[in-house]
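Okay, structure first, notes after.
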Amino acid sequence: VCTVSPQTSNLARLNRWELAILDNAGTPQQSETVDAVPLSNQLGQGGFRYTPSIREGFGQMPTLALPALNVCYSCEFHCATNRPVELVMEPGSLLGDWSLRLNDSPHLTAADFQPTPTHVRGSLGLDLTPWLQAGANQLALELVTNRLDGGLRNPLYLAGAFGVELAPLRLVDRPAEGQFEAYESNALPHFSGVLDYTCEVSLADLPDAEQILLELVLPCPCEEALELSLNGNPTHALPWAPRRVVVNHSELKVGANQLRLRIYTNLIRAFEGQQFDIVEHAYRDLPE
């Protein structure tokens, strides 16, 4: 067991949405569960029924195109924490004329989003905290487009210093301690960023030398880039296996030693909702 300290915001990935096609009066005509992918893919996923736009030209065969569709995406998450929550989107995630609401918030548009350092470069963020409520929360996104590549094209993210539970999605207070690289039980299933693990290692003796060769033996397979700090001293880069490094004798002591491992994760949990099983050499989907 070690102290688990994210150095960047935790993420909750919003990938599964209820998509409804609306008529001119805003009444849902058909509703299906889809992924956050271009609208043409969503129409195929859900088997949606719609009348295509027929384009005719002089001396040409008529062509079929997407009509201007008025759609509504909605998803639900539960909140059991008082931590602030930011809604984050990658550039180009929404294509069309859109607005969104959280619970009874006003209609929020692109003008309400600002550049944010959260997640990847170029992301846009919006503070949702004023409209959060304990228990169930509904995020609804209305959009109009006639483009096959339009719609909600990438997952959106809830970001903050909270923990995340899956199936159903729930924001909670994150446990301070956990196991090394146990992202789901540490309430970090979609985390992508910089993460510190801190623990104590007891040494009964030390070699009588100015410099000592250390080999780090991890409790489970890990292929992420690491940095090691001993007793608050400067870090040592350990990007690859075998994790070996030469340290100064002064960085260690007989008895309890504080060991901090800093992990620089990849983006697969956030981007794809997956994790890589090193032992099986296969990708595994995280629960939605």
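Treat the numbers as computed from the prediction; the structure is a model and nothing was measured.
- Cluster membership for Tyr197 and Ile278, using ILVMFWY side-chain heavy atoms within less than 4.5 angstrom, is not shared.
- Minimum interatomic distance between Leu148 and Pro38 (heavy atoms only, all atoms of both residues): O-CB, 4.0 Å.
- Hydrophobic clustering places Leu126 together with Leu143 (ILVMFWY residues linked when any side-chain heavy atoms are closer than 4.5 Å, directly or through intermediates).
- Using a 4.0 Å cut-off between charged side-chain N and carboxylate O, Glu90 and Arg13 make no salt bridge.
- Counting only distance, with no hydrogens or angles, the side chain of Glu223 and the backbone of Pro221 share no donor-acceptor pair below 3.5 Å.
- When each of Thr265, Ile263, Val164 is tested with Phe191 by the rule side-chain contact (heavy atoms from CB on, under 4.5 Å), just one qualifies, namely Thr265.
- Within the 3.5 Å criterion, the main-chain N or O of Gly160 finds no donor-acceptor partner in the side chain of Asn10.
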Please lay out, stage by stage, how Asp23 and Gln29 fare under the test side chain to side chain donor-acceptor pair (under 3.5 Å). CA-CA 7 Å; Asp23 62 16; Gln29 300 301 296; 3.0 Å; yes

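- One side chain, Glu86 or Thr116, offers a donor N or O that lies under 3.5 Å from an acceptor on the other.
- A donor-acceptor contact under 3.5 angstrom links the side chains of Asp285 and Gln274, judged on distance only.
- Applying side-chain contact (heavy atoms from CB on, under 4.5 Å) to Cys199 and the options Leu259, Val1, Leu261, Asn257 leaves one that passes, Leu259.
- Between the Arg153 side chain and the Asp149 main chain, a donor and an acceptor come within less than 3.5 Å of each other.
- Side-chain contact, Ser5 with Thr3: no donor N or O sits under 3.5 Å from an acceptor N or O.
- Between Gly47 and Gln30, the shortest heavy-atom contact is O-NE2, 3.3 Å.
- Val144 and Ile21 are assigned to two separate hydrophobic clusters, defined by single-linkage of ILVMFWY side chains at heavy-atom distances under 4.5 Å.
- Using a cut-off of 4.0 Å between Lys/Arg side-chain N and Asp/Glu carboxylate O, Asp196 and Arg262 are scored as salt-bridged.
- Ion pair Glu215/Arg244 flagged as a salt bridge, since at least one NZ, NE, NH1 or NH2 atom sits closer than 4.0 Å to an Asp/Glu carboxylate oxygen.
- Nearest heavy-atom pair across Arg260 and Thr235 is NH2-CG2, 3.1 Å.
- When only modelled atom types and interatomic distance are considered, Asn248 and Ser250 share no side-chain donor-acceptor pair under 3.5 Å.
- Asn137 places no side-chain N or O within donor-acceptor distance of the main-chain N or O of His78, the cut-off being under 3.5 Å.
- No hydrogens or angles considered: nothing links the side chains of Glu142 and Tyr73 as a donor-acceptor pair under 3.5 Å.
- Ring geometry for His119 versus Tyr157: interplanar angle of 30 to 60°, hence tilted.
- Between the side chain of Gln45 and the backbone N or O of Asp35 there is at least one donor-acceptor pair closer than 3.5 Å.
- With Asn231 contributing its side chain and Gln258 its backbone, the two residues share a donor-acceptor pair below 3.5 Å.
- The cationic atom of Arg269 (NZ for Lys, CZ for Arg) lies less than 6.0 Å from the six-membered ring centre of Tyr183 and within 45° of the ring axis.
- Looking at Gln42, its side chain does come within 3.5 Å of a backbone N or O of Val37 through a donor-acceptor pair.
- Formation of a donor-acceptor pair under 3.5 Å by the Asn186 side chain with backbone atoms of Leu188 is not found in this model.
- Under the 4.5 Å side-chain heavy-atom criterion for Ile, Leu, Val, Met, Phe, Trp and Tyr, Leu124 and Leu87 are members of the same hydrophobic cluster.
- Remark: the backbone N or O of Ala187 is not paired with any side-chain donor or acceptor of Glu184 at under 3.5 angstrom.
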